[in-house]
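Reading through the structure tokens given below for one structure.
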Protein chains: 2
Amino acid sequence: MHKKRTGIHDVAEAAGVHPSTVSRVLNPRTRGLVSQAVAERVEALAGKLGYSADPVASGLRTRRSATVGVLIPDIANPVFPLILRGIEATLGEAGYTAIIANTDNDTARAGAALARLAARRIDGAILATATRRDPLIAQCRSFGLPTVLVNRAADSGKVSAVIVDDRAGIALAVEHLFALGHRSIGHVGGPGNISTGQARRAGFLAAIKAHGLAPPAVAMAESYSIAAGERACAQLLGMKRHISAIVAANDLLALGCYDELKRRGLACPREVSVTGFNDMAFADRFDPPLTSVRIPHRLMGAEAARLLLAQIANPRAPIQEIKLLPELAVRGSTARRK
Amino acid sequence: MHKKRTGIHDVAEAAGVHPSTVSRVLNPRTRGLVSQAVAERVEALAGKLGYSADPVASGLRTRRSATVGVLIPDIANPVFPLILRGIEATLGEAGYTAIIANTDNDTARAGAALARLAARRIDGAILATATRRDPLIAQCRSFGLPTVLVNRAADSGKVSAVIVDDRAGIALAVEHLFALGHRSIGHVGGPGNISTGQARRAGFLAAIKAHGLAPPAVAMAESYSIAAGERACAQLLGMKRHISAIVAANDLLALGCYDELKRRGLACPREVSVTGFNDMAFADRFDPPLTSVRIPHRLMGAEAARLLLAQIANPRAPIQEIKLLPELAVRGSTARRK
DNA sequence: ATACTCTATGCAATCGATTGCATGACGATA
DNA sequence: TATCGTCATGCAATCGATTGCATAGAGTAT
């Protein structure tokens, strides 16, 4: 019934050598210490017996696990699975496995998840959950854990991060709307304590100014959710009469705008144009299809994994912030101003 | 810098007892072996020193890890994150952690992922990837791994599963279309090697028959994807002229139908009604909003976790197949027949 | 007082691999 | 031939907890 796993001991016995020799053969770093002949014999036998090292035992001794923790704020938000793909692909190539933890946007839960992962000896962490001043980052440092942020950066700049050029992304959206004749553009911003919320807002203000437009209307949502977007949109529309276009900081917020506009009987895009950010899966299926700033999800994940692996290999690797360039996916939610 | 973790040894020393005593105190099962007084002292000290057992070391000895592997065919399909939520919540309450592995619908990848997880000593597996005759199930058994299927069942019936009553779900859809006056209804089916594809097809045929309708048109998609749905829909429309409604086996297939209908200039729902299955996130946002069979995602995940925990606690627990009842979410993709 | 049980705790092996140190064999050099 | 160095391999400690067995001491029965 239970086929007992073949251990290093079995291989050693079969090859007539000591377990430590087998260990050395199978570890590329120590492979050179063993004679060619023995090494080949051991390798052949290991293959034949289907041996593979027990990661638990070896992790106990080496304090490493070939495992990386990934903290996701909300796995149901279709942006993150795409980023995950990139992370998993790159980690996989290097023989690492990602362990995903979902935090439901809850700081306490995130801390607990990180502690659990650290106890399991993850070799590094990728945080997609970071707020601008995030205690999680200090927690990682106190664990001595190589860490990379993805999608969201931290103010401190003391951690590597792979993000999108938020200002450039928003500029694309404003540019596009301006070209369509819009002159009164509002912004439904993201949470101020998250880097993307802050940077996109700043980018919006800068872009508006660059086009010499009227002092802009801005309403900040308290979270990246449809409901918060709806509320912020209501606030925005209450402030100023003639907003003809809304730049939302995120696709979910844009969906909230859809809802609020509909509630007020304002047609999108005929009366009000809307843009999103992230170009999440199915954004092209919405009604109307959402014009959105497209970010290179997969690449972002891959780069984050790459940085992390470098940091694991060399803990003194320099801190880097990689900013990727977004594009604009133009769809049906934006139209020429009447 | 590196605060060295407090080990069982430190606690023992502080309490003036042997490490084994500490271990006994902290393990509820052996707690009774230790005198009240010592137990309390040890417990207090463990708390004060912030001790928690190293799961790697204890896993090595006990061959258990308080960890469960979850195989997901496609994490980017918004159905699965919802199921995951239920799984994680229930596992979490019991002190277990889910380790998620994404297989991208690839059998080989799934096998490799399972092997990796097994090597990490997962205590059980939840498979959302099962095909009707899945070698993965045998693999789990050969590992002696408690296993539960979720969302998809296996033909053999030798493994517990939590699924939706597919036939009942399809019956709801057909019922609804019938009530709207449709008499010529086609089916875009799912892959025949997956239980849902097979059961929904059977359910469709049964429901059509029950309403005494014309011999039905059916086209099977080779995978649960938009592209496959589009192709199957094309095939379906090629077969019969006057299909006024399509029951798709899955929301992605329904989206494929949207595309094919649009390509042919057929308006949905004015000329052809479409129903989906799963009621995935954002289905209400599609154009038109998709009428879909809603499954209790969260409950499904929770029940699967519950069954698995029971099986872990008692490996001889009986095999169960839990069938949950779906509802119909009626939206804009279905309309009265002209 | 002796034998006997029982309880609480310590001892040491164990899980499966890794790794610093020791040692033996062999060849080279003087 | 003696000495030394090098290379290949074995030995045993270690990672941190768990657990079967041993034992000291308290308590009870005879």
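Note: CG (B:D54) to P (D:dC15) measures 12 Å, nearest angstrom. Nucleotide C:dT19 holds its C1' atom 14 Å from the CG atom of A:L60, rounded to whole Å. Atom CD1 of B:I8 and atom C1' of C:dT9 are 14 Å apart (whole Å). In this entry the distance linking NE2 of B:H18 with C1' of D:dA24 reads 15 Å, nearest Å. For the pair A:R63 CZ and D:dC15 P, the interatomic distance rounds to 9 Å; values are reported in whole Å. Rounded to an integer number of Å, the gap from A:E40 CD to D:dA8 C1' is 15 Å. Computed from coordinates, the B:Y51 OH to D:dA17 C1' distance equals 6 Å when rounded to whole Å. When rounded to the nearest whole Å, the span between CZ of B:R31 and P of C:dA8 equals 12 Å.
When all heavy atoms of A:L60 and B:L60 are compared, the pair lying nearest together is CD2-CD2, 3.4 Å.
Of the candidate nucleotides D:dG16, D:dT9, D:dA17, D:dG16 has the atom nearest to the side chain of A:R121. The side chain of A:S35 lies closest to D:dT9, out of D:dC15, D:dT19, D:dT9.
B:R85 has a carboxylate O that lies under 4.0 Å from a charged side-chain N of A:D74, or vice versa, which qualifies the two as a salt bridge.
Here B:S23 lies in heavy-atom contact (under 4.0 Å) with a base. Residue-level contact check: A:V38 touches the backbone only, with heavy atoms under 4.0 Å from sugar-phosphate atoms and none from bases. Residue A:V22 is classed as having no contact, given no heavy-atom separation below 4.0 Å to the nucleic acid. Among the heavy atoms of the strands lying under 4.0 Å from A:S20 is at least one base atom, whether or not backbone atoms are also near. Backbone-only engagement by A:V17 is indicated by non-hydrogen atom pairs under 4.0 Å involving sugar-phosphate atoms exclusively. Counting non-hydrogen atoms under 4.0 angstrom, B:R24 reaches a base of the nucleic acid. Nucleic acid contact class of B:S58 (heavy atoms, under 4.0 Å, all strands): sugar-phosphate only. Using a 4.0 Å heavy-atom criterion, one finds that A:R29 contacts the sugar-phosphate atoms exclusively.
Here the options are A:N105, A:T196, A:N77, the test is side chain to side chain contact (heavy atoms under 4.5 Å, CB included), and the partner is A:Y224; only A:T196 passes. Partner of B:I122 under the side chain to side chain contact (heavy atoms under 4.5 Å, CB included) criterion, out of B:V68, B:V70, B:T67: B:T67 alone.
For the pair B:T30 and A:L33, nearest-nucleotide mapping onto DNA chain D gives the more 5' position to A:L33.
No N or O donor and acceptor, one from the side chain of B:R61 and one from the base of C:dG16, sit under 3.5 Å apart.
The 12-atom threshold is not exceeded at CZ of B:R133, counting heavy atoms of other residues, nucleotides or ligands nearer than 6.0 Å.
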